[in-house]
Amino acid sequence: MPGVLKELGAIAIRFDSSVLDVGDAESLPDDVTIEPLTPGSRDGIAILRHSTSHVMAHAVKELFPEAKVAIGPSTEDGFYYDFDIEKPFTPEDLQRIEEKMKEIIDRDSPFVRKVLPRDEAIELFEKMGEPYKVEILREIEDDEVSIYEEGGFTDLCKGPHLPSTRYIRAFKLLSIAGAYWRGDEKRKMLQRIYGTAFEDRKKLKEYLNFLEEVKKRDHRRLGRELDLFSINEEIGPGLILWHPNGAIIRKTIEDFWREEHLRDDYKLLYTPHMAKLNLWEKSGHWDFYRENMYSPMEVEGADYEIKPMNCPFHIAIYKSALRSYRELPIRYAELGTVYRYERSGVLHGLFRVRGFTQDDAHIFCMEDQMEEEIKRVLDFTLFILKTFGFETYDIYLSTRPEKFVGTPDNWERSTNALKAALEHKGLAYEVDPGEGVFYGPKIDIKVKDSLGRPWQCSTIQVDFNIPERFDISYRGVDGREHQPIMIHRALMGSLERFFGILIEHYAGAFPLWLSPVQIGIITVAERHISYAEDVLKGLKNAGIRCEALFENEKVGYKVRHATVRKVPYLVIIGDREAESDKLTVRKRGGDNVGPYVLGDLITWIREEIESRSLTSRL
RNA sequence: GCCGGGGUAGCUCAGUCUGGUAGAGCAGCUGAUUCGUAAUCAGCAGGUCAGGGGUUCGAAUCCCCUCCUCGGCUCCA
């Protein structure tokens, strides 16, 4: 049997839903069905990468015998292995390790599985001087454990593994990083080496190209190149300066957002950036969220706090009048700027900042309105996301965590409402058990960008905590006081992060409606300026954002200037245009279209802008 | 916050190992050129070498501290 499997290119097998070594096929009865796993399959590639991590650990042990091995799993797109070593690895070490790995792969040593009693394994790894393995073993409850040996390198491992090292055909070590043992910041910092492996060279090359593409799209780099935003050391880390080009995009997003919220019967609010500390004590943030809040400032003897969230303000507006069931649902929305303390090491461009604007809303409704409201929010969210070009998502439903407020009954009813809304909309979702926030269950939507990367943006959360703490109510049909359900939601999450995602999604080449400069006008020679000025005036009067490139430079220079700024359309004006009174347009990407008369061009362009089209209409 | 890499002109980077008068390209300014789809030529200007302290006759360069930044860990909109 193993011979046949080998011919099929199997590196492991699946039998009865468990994944085993190819060698295990021999011990199985003849009449069972086994599925060969190739390195190209989902499980197969994980095995390939896991085995590669073993080979890397082997190489490290040969080069640095004093290094202690910790853990080395496969990951979403590669693998890593953690080592405890005095002197951290250098990039040169990485090269040496790669060389050594190639040597080990060429040795073609088989991966050999051995099963032994746990106590014996503990003794073995103690003798080998591997304290991390011993620590893991002491926590394993099974009486027997498996180890894998390959060319003299033994590792505690469940497996399965490749038949031999020679099966590793394409791998690369990528980076070095510090990582806490067991992810616990109170424990020792180990040295982690990241790498990846693929079934063949071509796939590896593709992945490395993908990494290059990711680098090219980095919003921090494009943010500078396209003059969208900056972060200034003197002003402070994690605080964003929106330059004119970024600000016009933000304004366009905000206008769209407000317009659609009004259409969907939200009421818009504005609230202050700070409030008395007492408010935050009452809301519970001072107890539960303090580590993300800044120190209070004193104003005439009272402590004030810059806001990390908008909810208490919205509550205050809700409470500013006696509410009737007739008013519900009340939907309050605000582009609310909040400030949260983030540890210095986690800040990252627009993705992780200390001051940001949430597209926040709070919906107050009766319990029997909840499901309908959630459906409505889901529709609204997907519409907004789609407008920006996000059409695929991962949706998660997070249920009750161990520590929670409210009653289990409340939790169940609202979790069911969230679930029912998702199912009614036919949206596929995954349940994240116990991942809800302490105050209520939630739906999270992660959008997939043009490179297939997921980003957490939208969140819809039921909140049992705040209505209780602020004792909000409405008068029901029965004339008595009832507590409304409060739903907290954000669609884009934060404008800063969402902007960063958009930059990377479009690689800086925004659709026309979002582009800071929509049309660049290029003159061939000085004598064309007066005609070009007429064209500019016409386009500007039609509300189109234009840039005049009339300076005394060659056309090629000006085309390049506009192209690197990713201007969607260029109108080039020379003798031909001036004489015919028509315009040709150079599209982003280089195609020429036209000739058009100015009036038509304005019509098409406005249509493309107003429909928020993601593709060119020309 | 932690581990490691880094900070030199607006931007990208050389110079640091081996201490001895701060350099290039792009961008900017000035002039020439009047030109048809990704860079015309020439000239000029531009720096407390992140900040502070120390070693030295002398520090961008060596040492210490602080800040910022990058890759991760932990955490997260």
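Here the structure is a predicted model, which means the values were calculated and not measured. Numbers restart at 1 for each chain; the letters A, B, ... are given by sequence-line order, proteins then strands.
- Of all nucleotides listed (B:A38, B:C2, B:G1), B:G1 comes nearest to the side chain of A:Glu185.
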Pairs of donor and acceptor atoms involving the side chains of residues 387-404 of chain A, under 3.5 Å and at least two apart or interchain, shall be tabulated with distances.
from, atom 1, to, atom 2, distance (Å)
A:Thr387, OG1, A:Phe383, O, 2.8
A:Tyr393, OH, A:Phe390, O, 3.2
A:Thr399, OG1, A:Gly434, N, 2.9

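- Between B:U74, B:C75, B:G36, one nucleotide has an atom nearer to the side chain of A:Thr584 than all others, and that is B:G36.
- Comparing B:A27, B:C73, B:G36 against the side chain of A:Asp575 picks out B:G36 as the nearest.
- Considering only the side chain of A:Arg192, B:C73 comes nearest among B:C73, B:U37, B:A77.
- Listed in residue order, the members of residues 521-532 of chain A having a heavy atom less than 4.0 Å from RNA chain B are A:Val524, A:Ala525, A:Glu526, A:Arg527.
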Between protein and nucleotides 11-16 of chain B, what N or O pairs are separated by less than 3.5 Å?
from, atom 1, to, atom 2, distance (Å)
B:C11, O3', A:Arg224, NE, 3.4
B:U12, OP1, A:Arg224, NH2, 3.0

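- Between B:G4, B:U37, B:G71, one nucleotide has an atom nearer to the side chain of A:Pro88 than all others, and that is B:G4.
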All N/O donor-acceptor pairs, side-chain side in residues 343-351 of chain A, below 3.5 Å, sequence neighbours left out:
from, atom 1, to, atom 2, distance (Å)
A:Arg343, NH1, A:Glu185, OE1, 3.4
A:Arg343, NH2, A:Glu185, OE1, 2.7

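- Neither side chain, A:Arg217 nor A:Tyr506, offers a donor N or O lying under 3.5 Å from an acceptor on the other.
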So which protein N/O to nucleotides 66-69 of chain B N/O distances come out below 3.5 Å?
none

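- Side-chain atoms of A:Phe364 and A:Tyr332, non-hydrogen and from C-beta on, do get closer than 4.5 Å to each other.
- Taking every side-chain heavy atom of A:Arg576 into account, B:G36 is the closest of B:G36, B:G71, B:A39.
- Nearest nucleotide to the A:Val353 side chain, out of B:A77, B:U40, B:U37: B:A77.
- With both ends at atom C1', the span from B:A50 to B:G6 equals 12 Å, rounded to whole Å.
- Among residue pairs with one or both ends in residues 571-587 of chain A, those qualifying as side-chain hydrogen bond (donor to acceptor under 3.5 Å, both in side chains) are A:Arg527-A:Asp575, A:His528-A:Asp575, A:Tyr531-A:Asp581, A:Glu577-A:Thr584; sequence neighbours excluded.
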Apply ring-ring contact (aromatic ring centres under 6.0 Å, His included) to A:Phe499 and A:His219, showing your working. CA-CA 9 Å; A:Phe499 185 37; A:His219 71 279; 8.7 Å; no
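- Here B:A77 is the nucleotide among B:U74, B:A77, B:U37 with the atom lying nearest to any side-chain atom of A:Phe356.
- Paired with A:His362 under the rule side-chain hydrogen bond (donor to acceptor under 3.5 Å, both in side chains), one option of A:Arg331, A:His488, A:Glu334 passes, and it is A:His488.
- Comparing B:A77, B:G36, B:A38 by their nearest atom to the side chain of A:Gln456 picks out B:A77.
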